[in-house]
Amino acid sequence: MKYLIMNVGFLLALSQFIACDTNDDSNDGTQVSVSETNLKGTWKIVSKFSGQPNDSIGTETPETDYFASFEDCRKDDTFAYTLDSDESGNAYIWYTGSEACEGQSVNDTIQLGTWTLRENGQLNISYSDVSEPSVITNMTTSKFTVRKKSGTITDNGTIYEFTGYQRVD
């Protein structure tokens, strides 16, 4: 009986240890549908990378980490997506963060534009006669990942560029 109680105790302790997830994704939020309502808000870039060949959703180990080479003053910039009811469209605003780069002011507007989002996750940001088509590949309540719509074709497959955002509001 003594060994049974010890084994049960050991198994309970072991199950608690196994149940602990060392990769705590609690800050990732809950998976949500890609929609204008879920995109609305203020976000900051937390990653920018090129994926492995033929990784169209950005889940494999990045080929190149561009975010690591960003100046610190670019790492806290924010991006606001607002829903507008008039014909001017949804506003897209890129702001400097609390640390401005040379020639910028803190919390200043860097870029103004508009954005549209289709049901299939195609996001289009337009500003100064430039249009940036992309696709949202993953969205939670606190993060989303977007990739450029077109990639670079190589002998090993197509390589896409991804940007990860985290909600700040």
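Sequential numbering from 1 along the given sequence is applied to the chain's residues.
- Here I57 sits alone; no ILVMFWY side chain lies under 4.5 Å from its own, so it joins no hydrophobic cluster.
- Ion pairing of E132 with K148 is absent here, as no side-chain N (NZ or NE/NH1/NH2) approaches a carboxylate O to less than 4.0 Å.
- Screening N138, I136, V32 for a side chain to side chain contact (heavy atoms under 4.5 Å, CB included) with F144, the sole residue that qualifies is I136.
- The neighbour count for E119 CD, taken as heavy atoms of other residues, nucleotides or ligands under 6.0 Å away, does not exceed 12.
- Between W115 and the choices Y92, Y81, Y127, W43, the ring-ring contact (aromatic ring centres under 6.0 Å, His included) rule is met once, by Y81.
- Among all heavy-atom pairs drawn from N38 and R167, the shortest one is O-NH2, 2.7 Å.
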Practice prompt. Take I153 and T158, measure what side-chain contact (heavy atoms from CB on, under 4.5 Å) needs, and give me the verdict at the end.
Written response: CA-CA 4 Å; I153 298 173; T158 304; 3.9 Å; yes
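- If you chain together hydrophobic residues whose side chains sit under 4.5 Å apart, F49 and F70 never meet in one group.
- At least one donor-acceptor pair under 3.5 Å links the side chain of T154 to the backbone N or O of N156.
- Residues W94 and F67 are members of one and the same hydrophobic cluster, defined by side-chain heavy-atom contacts under 4.5 angstrom among Ile, Leu, Val, Met, Phe, Trp and Tyr.
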Item to complete: Determine, stepwise, if the pair S56 / T137 fulfils side-chain contact (heavy atoms from CB on, under 4.5 Å).
Response: CA-CA 8 Å; S56 63; T137 61; over 6 Å; no
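- Between S126 and S131, the closest heavy-atom pair is OG-OG, 3.9 Å.
- In this structure, I93 CD1 and T78 OG1 are separated by 9.5 Å, a value rounded to the nearest 0.5 Å.
- Within the 3.5 Å criterion, the main-chain N or O of M139 finds a donor-acceptor partner in the side chain of Q31.
- A donor-acceptor pair is defined here as one N or O able to donate and one able to accept, closer than 3.5 Å; such a pair exists between the side chain of D84 and the backbone of A91.
- Linking Ile, Leu, Val, Met, Phe, Trp and Tyr residues whenever their side-chain heavy atoms come within less than 4.5 Å places V146 and V34 in a single cluster.
- Judged by distance alone, the side chain of S47 and the main-chain N or O of G164 form a donor-acceptor pair under 3.5 Å.
- Using the six-membered ring where Trp is involved, Y165 and F79 have ring planes that are perpendicular, over 60° apart on the 30 and 60° scheme.
- Across every non-hydrogen atom of T82 and K40, the tightest pair is CA-CG, 4.4 Å.
- The minimum heavy-atom distance linking V106 with G97 is given by the pair CG1-O, 3.4 Å.
- For the atom pair CZ of R74 and NZ of K44, the computed distance is 14.5 Å after rounding to the nearest 0.5 Å.
- Residue S50 comes nearest to I159 through the heavy atom pair CB-CG2, 4.0 Å, listed as atom of the first residue, atom of the second, then distance.
- When all heavy atoms are compared, the tightest approach of T96 to S105 is OG1-O, 2.6 Å.
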Fill in: Worked verdict on L123 versus L39 for side-chain contact (heavy atoms from CB on, under 4.5 Å)
CA-CA 10 Å; L123 174 66; L39 182 59; 3.8 Å; yes
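- A donor-acceptor distance shorter than 3.5 angstrom exists from the side chain of D169 to the backbone of T42, with no hydrogens or angles considered.
- Although no hydrogens or angles enter the test, the distance criterion places a donor-acceptor pair under 3.5 Å between the side chain of R147 and the main chain of K149.
- Side chain to side chain, K48 and T163 meet the donor-acceptor criterion of an N or O pair below 3.5 Å.
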Practice prompt. For the pair Y95 and N107, evaluate side-chain contact (heavy atoms from CB on, under 4.5 Å) and give the outcome as yes or no after the intermediate values.
Written response: CA-CA 6 Å; Y95 296 101; N107 299 320; 5.8 Å; no
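- The closest donor-acceptor contact from the side chain of Q52 to the backbone of T61 lies under 3.5 Å.
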